[in-house]
Amino acid sequence: MISYLIRRLLYAIPILLGVNVITFALFFLVNTPDDMARMQLGAKRVTPEAITKWKQERGYDKPLLYNADAAGPGKLTHTIFFEKSLRMFVFDFGRADDGRDIAREIRLRMGPSLAVAVPAFFVGLLVYITFALGFAFFRATYLDFWGVVICIAAMSISSMFYIIGGQYLIGKLWHLVPISGFSGGVDALRFIVLPAAIGVIGSFGASTRLYRTFFLEEISKDYVRTARAKGLTEMTVLFRHVLKNAMIPILTGVVVAIPFLFIGGLITESFFGIPGLGSYTIDAINSQDFGVVRSMVFIGSLLYIAGLLLTDISYTLVDPRVRLA
Amino acid sequence: MKVHMQRSLWVLWLPLLAGCGGSPWNNPYPASDAGKNILYASFAERPKHLDPVQSYSSNEITFTAQIYEPPLQYHYLQRPYTLIPGVAEAVPQPRYLDASGRQLPADAAIKDTAYTVYEIKIKRGIRYQPHPAFAREANGEFRYRNLSERDLADKNVLADFREQGTRELKAQDFEYQIKRLAHPRLHSPILGLMADYIVGLKDYAERLKQVNDGLVKNGSDDAWIDLTAYPLAGVEVVDDYTYRIRLKGRYPQFLYWLAMPFFAPVPLEVDRFFGQPGMAKKNLTLDWYPVGTGPYMLTENDPNRVMVLERNPNFHGETYPGEGEPGDAAAGLLVDAGKPLPFVDKIVFTLEKEGIPRWNKFLQGYYDASGIGSDTFDQAVRFGAGGEAAVTDSMQKQGIRLSTTVAVSTYYMGFNMLDPVVGGSSERARKLRQAISIAVDYEEYISIFRNGRGIPAQGPLPPGIFGFRDGQGGVNPMVYAWDGRQAARKPVEAAKQLLAEAGYPDGVDSKAGTPLVLYFDVTARGVEAKSTLDWYQSQFAKINVQLQVRPTDYNRFQDKIRKGNAQIYEWGWHADYPDPENFLFLLHGAQGKVKTQGENASNYANPDYDRAFEQMKNMPNSAEREAIIDRMLGILREDAPWLWGFHPKDYALYHAWYGNLKPNKIAYNTMKYHRIDSALREQQRRAWNQPVWWPSVLGVLVLIAFALPALFAWRRHERGTARR
C-alpha cells in the first residue's frame with residue numbers, strides 16, 4: 001500500500017504540471033498582461049507608462065514561456081510561466097494583483113466554504129441514502145414510482161431555481177432565516193441553514209436516484225435472497241447486507257467529492273454572500289487575477305488527486321477483497 | 001444519555017433563537033445592534049484600493065471619501081455644484097506669475113501666465129483618527145516603529161496593535177501625499193495628468209523611479225522610500241498650517257482635484273508604520289487600512305463580507321449647512337442646519353453581489369436605500385398621467401420614497417474617425433454620420449430599454465455642467481427641430497435625404513453599387529442584450545443601412561479601440577468634476593486614442609475645435625467661456641463624431657427612516673449629512689418580518705401523510721408470511 005501511495009503521489013507531479021500549463025495557456029490566450037494591468041489600474045486615465053510600470057513590478061513584462069534574450073537556463077526560468085506557476089509546487093502562491101497574500105486569503109476563506117459545504121454534504125448523504133433505501137424497499141410500489149418521478153423532476157430543475165426559490169420562500173415570505181449574509185461563531189448557523197438546505201435539495205434528485213439504482217442492483221443478488229431465506233427481516237437485510245455492499249459505488253462518488261468541500265460552491269456563495277473560496281475564484285476570474293486563478297486551479301487539482309487517492313484507500317476499508325499494490 | 005442528547009439538539013437551535021433575541025428571525029445583523037444609530041448599505045464589488053493616491057472608482061471613493069478629508073469639498077445642498085472649504089480655511093485664490101516669477105494681475109492674459117500658485121491654509125486643531133502609527137512610548141519614541149519579525153508574529157489585523165495615538169493635521173501631510181502621487185509602486189491614475197501641471201512632479205517621479213530601481217537591484221523591492229529626503233519643487237510648506245502648490249500655466253480645474261481624496265493628507269508616520277518589513281506580507285497596508293481626519297474611520301475591513309465605518313472620535317466638528325437651493329427648506333433638508341456632523345454613528349456596508357437578495361433585503365428593511373434594477377422597476381415605480389415618476393402603491397404602503405436625478409454622465413455611440421467609411425472630415429462621411437444620428441431614435445431607446453430613465457443628449461454636456469443649455473438654445477439642430485414647445489427628432493426622410501447626399505441613396509453605395517454595411521463593435525453580451533442589438537439594427541435599417549454586430553470580450557474591445565480597428569462603438573463617461581472641460585476633452589485631438597492613448601476614443605480631430613478647446617479649458621466660467629463652448633458644440637454637432645446618446649437618470653429608493661437625502665452626483669463624502677430614525681426602522685422591521693410558521697408545519701404534515709402509508713406497508717410486510 002505504501003509503495004502504491006508513493007507511486008500515485010509521484011504521478012501527481014506531471015499531472016499538476018500539465019494542469020498548470022493548460023491553465024497558463026488558456027488564461028493568456030484570453031488575457032494579455034496589458035489587459036491585466038488595465039483591469040487593475042482602472043478604466044480612466046491609464047497611461048501606457050503606468051501599464052509598463054505595473055507589468056515590470058509584477059514580472060509580467062517577461063516573455064510567457066521562452067525568453068530568447070536570456071542566456072542558458074534563463075531562457076526558461078526568466079519567463080512568466082516559470083516565475084508565476086512553478087513556485088506553487090512549494091506552496092508559494094505569491095500575491096494577488098491587489099497586493100493581498102493569496103495563501104492567507106485562502107486560509108481565511110476556507111472556513112466559510114467548509115461551514116456551508118460540510119453540513120450540506122453529510123446531511124445530504126444521510127438524506128439521499130435514506131430515501132434511496134426507502135425507494136428500494138418499496139420497489140415497484142406507488143411510493144417508489146412517485147419517488148422516482150419526484151427525483152426526475154428535481155433533477156430537471158436548475159440549481160439557480162432552488163437558490164432563488166429558497167431565498168424567496170424561506171427568507172422573504174416566511175421570514176425564517178436571513179436571505180443572505182454570513183457571520184462568525186455559532187451565529188453563522190442562521191446563515192448556513194438555508195444554503196446548506198438548498199445544497200441538499202439541489203442534489204436530491206440525482207443522488208437519490210443513483211443510490212436507488214445501486215441498492216436495487218444489490219437487492220437482486222443471490223446473497224440477499226439467501227439472507228431472506230435465513231429468515232432475516234427486510235430491515236436487517238437492507239441495513240446489514242445491501243447497504244454495506246452498495247457502499248463501494250457510493251464511495252466512488254462521495255470520497256472524491258470530499259476535497260472539493262474546501263473549494264466551496266461558486267454560485268451558492270455568490271448568492272448567499274458567503275465569503276468563501278468559491279466567490280474568491282469567481283471574483284478572480286472576473287478581475288483577471290492570474291495569481292488567484294492559477295492558485296485555485298492548482299489547489300483544485302491537488303484536492304482532486306487527493307480525493308481519488310482517498311477513494312482508492314476507502315475501497316480497501318469497505319471491501320476486504322481490494323488490495324492496493 | 002437521552003436527556004443529554006436532547007440538550008445538545010437545543011444548543012444547535014440556540015443561535016437561531018438567541019441570535020434573534022426578540023428581533024426578527026431573518027435579521028442578518030446581530031440582535032445587539034437593534035435600535036442603534038447605524039446606517040445599513042451594500043456594495044456589489046470589493047474595492048481594489050483604499051489608498052487615496054490610487055482609489056478612483058466610485059466603489060472605492062464611497063469609502064475613502066468618508067475617511068479622508070481633502071482641502072476642499074462640494075456644498076451638500078447648493079446647485080450648481082459649488083466648492084467650499086473642507087479642511088482648508090477657504091477656497092484658495094490663484095496667483096498668476098510670469099516666467100520670471102513676477103505676480104500678474106488676475107485678469108492677465110492666459111498666454112502670459114507661466115505659473116499659477118495656490119496657497120492653501122488649513123484649519124487648526126484638526127486631529128487624525130486614533131491609530132497605532134501615532135502611538136508613542138513615555139520617552140516620546142514611536143511605540144510601533146522598527147518592529148521585528150518577532151514583534152509582528154501575533155499581529156494579523158490592525159486591532160492587534162493595542163495602543164493608539166493621534167496628532168494634529170499639518171501642512172506637511174498634504175505635501176507628503178502630493179509626493180506619493182509620484183511613488184513608483186503606487187501607480188496613481190492621475191500622475192500623468194498632474195505631472196503636466198504640478199511643477200517638478202515629472203522629474204520627481206523619475207527620481208523616485210531611479211531610487212526604486214536601485215532598491216530592486218539590491219533585492220530590497222519592498223523597502224520603504226523616505227519621500228521627505230527628496231524635495232518636490234512644485235510644493236512648498238510655508239508653515240505648519242500653510243502650503244503652496246505651483247502649477248505650470250493656468251489650470252482652474254485644479255481646484256476640483258483639491259476636492260478629491262488624491263489630495264487628502266497622509267501623515268508620514270502612517271506611511272512609515274505600514275512600510276515596515278513584514279507588514280505587507282500580513283496585508284497590513286495603507287491600501288487596506290486608511291487613516292484620515294474625516295467623520296468616519298474604517299473599523300472593520302473584510303471586503304469579502306462586510307466593511308464598517310464608525311464615527312471618528314477626533315472629528316473636528318463640522319456642522320450641517322444652513323442654506324441650499326430653493327425648495328430645500330420645504331423638503332425638510334434644512335431642519336438640521338447648524339447641527340454637528342456626522343449624524344449616524346456607524347455605517348455597515350455588506351457585500352451583496354446579486355441583485356435579487358439585495359432588493360429583497362431592502363424591502364424587508366435591512367438596507368436603508370436601494371437602486372432599482374430593470375427587473376424590479378415595474379414593482380417599484382409607476383408613471384402618472386403627466387409622465388412623472390412615483391413609487392407604486394405597495395412601496396408607498398411601506399413608506400418608501402423615490403429620488404430621481406440626472407447623472408453627470410453621457411452614454412454615447414461613437415464613430416471611429418480614422419475609419420475610411422464613417423470617419424474623416426469629408427462631406428460624404430459627415431452626412432453619413434448625420435443621417436445615422438437622426439435615424440437612431442434615442443427617445444425610443446430610453447423608453448424601451450431604460451424604463452424612461454434618461455434624457456436624450458443634445459451634445460456631450462449633461463445638465464448641471466456649465467455650458468449646458470436647456471430649451472431651444474440647447475437643441476442639436478442636426479438631429480432635432482424645435483416645435484415651439486420641445487425638441488422633435490427630425491423624420492427619417494431627412495436622414496434618407498442626407499444619406500443620398502452622402503452618396504448612399506437608399507442605403508446603396510452609388511460608386512460601388514453595393515449595399516452599405518457598417519460594423520458595430522460591442523463587448524460580448526448574452527441573450528439579454530440581443531433585444532438591444534436587434535433594436536440598433538432596426539434603427540439603421542430604417543435608412544436601409546445594414547448594421548453588423550461584432551461582439552467581443554472587453555479586453556479585445558479595448559484593444560480594437562486602442563488600435564483604431566473599431567468602426568462604431570458605444571461607451572460612456574462620468575464626470576470627475578463639474579466642469580465642461582471634463583467632457584469636451586473627450587473629443588480633443590491631442591487626446592486621440594490611437595495617437596496618444598488618450599481618452600478620445602473616436603480619434604476625432606478638428607483644428608477649429610481643438611483651438612477653441614485650448615482657449616476654453618483654462619478660462620473661468622463666464623459669458624465669454626459660454627460663447628466658446630456654444631461654438632465648440634456647434635462644431636461637434638455638425639461633425640457628429642458621436643451619436644450623442646443620452647444622459648442617464650438615476651432612480652433610488654429610500655425608506656421612511658432615512659433623512660437629509662439630496663442626490664449628489666459629484667461628491668461622495670455625503671454620508672456625514674445623512675440621518676437615520678433607528679426607532680422607526682426597528683419598529684417597521686419587526687412589523688414586516690414576523691416569522692410565518694404554518695408552511696413549515698404544513699410541510700411536516702405532508703411528509704407525515706406520505707410516510708404513514710409507507711410505515712403501514714412496511715409493518716404489513718414485516719408481519720406478513722411468505723406467499724407462493
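The chains referred to below are lettered A, B, ... by the order of the sequence lines, with proteins before strands, and numbering in each begins at 1.
Going from atom CD1 of A:Ile179 over to atom CD1 of B:Ile356 covers 10.5 Å, rounded to the nearest 0.5 Å. Atoms CG and CG, from A:Leu277 and B:Asn304 in turn, are 10.0 Å apart once rounded to the nearest 0.5 Å. Atoms CH2 and CH2, on B:Trp693 and A:Trp174 in that order, are 11.0 Å from each other to the nearest 0.5 Å. If you take CG on B:Asn156 and CG on A:Leu108, they are separated by 9.0 Å, rounding to the nearest 0.5 Å. Atom CZ of residue A:Phe272 and atom CD of residue B:Glu354 lie 10.5 Å apart, to the nearest 0.5 angstrom.
For the pair B:Arg556 and A:Val30, the tightest heavy-atom approach, listed with the atom from each and the gap, is NH1-O, 2.8 Å. Heavy-atom minimum distance, A:Leu176 versus B:Val692: CD2-O, 3.8 Å.
Note on A:Arg109, A:Gln167, A:Gln56: by heavy-atom pairs under 4.5 Å with chain B, the leading option is A:Arg109. The candidate with the highest count of non-hydrogen atom pairs below 4.5 Å against chain A, out of B:Gln54, B:Arg185, B:Gln597, B:His49, is B:Arg185. In terms of heavy-atom pairs under 4.5 angstrom with chain A, the leader among B:Pro303, B:Pro189, B:Ser57 is B:Pro189. If you tally non-hydrogen atom pairs under 4.5 Å between each of B:Lys209, B:Arg358, B:Gln690 and chain A, the highest count goes to B:Gln690. In terms of non-hydrogen atom pairs under 4.5 Å with chain A, the most contact-rich of B:Tyr366, B:Tyr56, B:Trp688, B:Trp694 is B:Tyr56.
Exactly one of A:Pro112, A:Pro275, A:Ser279 qualifies for a side-chain contact (heavy atoms from CB on, under 4.5 Å) with B:Arg305. That residue is A:Pro275.
Residue contact with chain A, scored on non-hydrogen atoms closer than 4.5 Å, involves the side chain of B:Glu352 exclusively. Heavy atoms of A:Phe137 lying under 4.5 Å from chain B belong exclusively to its side chain. Interface remark: A:Asp34 contributes no atoms to any contact with chain B (heavy atom separation under 4.5 Å). Heavy atoms of B:Asp302 lying under 4.5 Å from chain A are absent altogether. Using a 4.5 Å cut-off between heavy atoms, A:Phe138 touches chain B through its side chain atoms alone. With a 4.5 Å cut-off on non-hydrogen atoms, B:Glu45 does not touch chain A at all. Contact of B:Asp576 with chain A is made through backbone and side chain together, with heavy-atom distances under 4.5 Å. Heavy atoms closer than 4.5 Å to chain B are found in the side chain of A:Ile164, but not in its backbone. Contact annotation for A:Glu234: both backbone and side-chain heavy atoms come within less than 4.5 Å of a heavy atom of chain B.
Put simply, the side chain of A:Arg38 reaches to within 4.5 Å of the side chain of B:Arg562, judged on heavy atoms. Side-chain atoms of B:Asn283 and A:Asp101, non-hydrogen and from C-beta on, do get closer than 4.5 Å to each other. Considering only heavy atoms from C-beta on, B:Asn212 stays 4.5 Å or farther from A:Lys53 through its side chain. Taking the side chain as every heavy atom from C-beta outward, B:Pro28 and A:Phe191 approach each other to under 4.5 Å. Using a 4.5 Å heavy-atom cutoff, the side chains of A:His175 and B:Pro24 are not in contact.
B:Tyr577 pairs by the side-chain hydrogen bond (donor to acceptor under 3.5 Å, both in side chains) definition with B:Glu581, not counting sequence neighbours.
The pair A:Glu105-B:Arg46 meets the salt-bridge criterion, with a side-chain N (NZ, NE, NH1 or NH2) lying under 4.0 Å from an Asp/Glu carboxylate O. A salt bridge does not link A:Asp97 to B:Lys48: none of the charged side-chain nitrogens sits closer than 4.0 Å to a carboxylate oxygen.
For A:Ile267, the CD1 atom sits in a loose shell: 12 or fewer heavy atoms of surrounding residues, nucleotides or ligands are nearer than 6.0 Å. With a 6.0 Å radius and a threshold of 12 heavy atoms from other residues, nucleotides or ligands, A:Arg240 has its CZ atom at or below the threshold. A:Phe27 CZ: more than 12 foreign heavy atoms inside a 6.0 Å radius.
Judged by distance alone, the side chain of A:Arg104 and the main-chain N or O of B:Lys281 form no donor-acceptor pair under 3.5 Å. Proximity of a side-chain donor or acceptor of B:Asn27 to a complementary backbone N or O of A:Pro178 within less than 3.5 Å is not detected. Although no hydrogens or angles enter the test, the distance criterion places a donor-acceptor pair under 3.5 Å between the side chain of B:Lys361 and the main chain of A:Ser180.
Geometric assessment of A:Arg100 against the ring of B:Trp288 yields a positive cation-pi assignment under the 6.0 Å and 45° thresholds.
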From CA spacing to verdict: side-chain contact (heavy atoms from CB on, under 4.5 Å), B:Asn26, A:Arg190: CA-CA 8 Å; B:Asn26 60 353; A:Arg190 298 194 298 129; over 6 Å; no
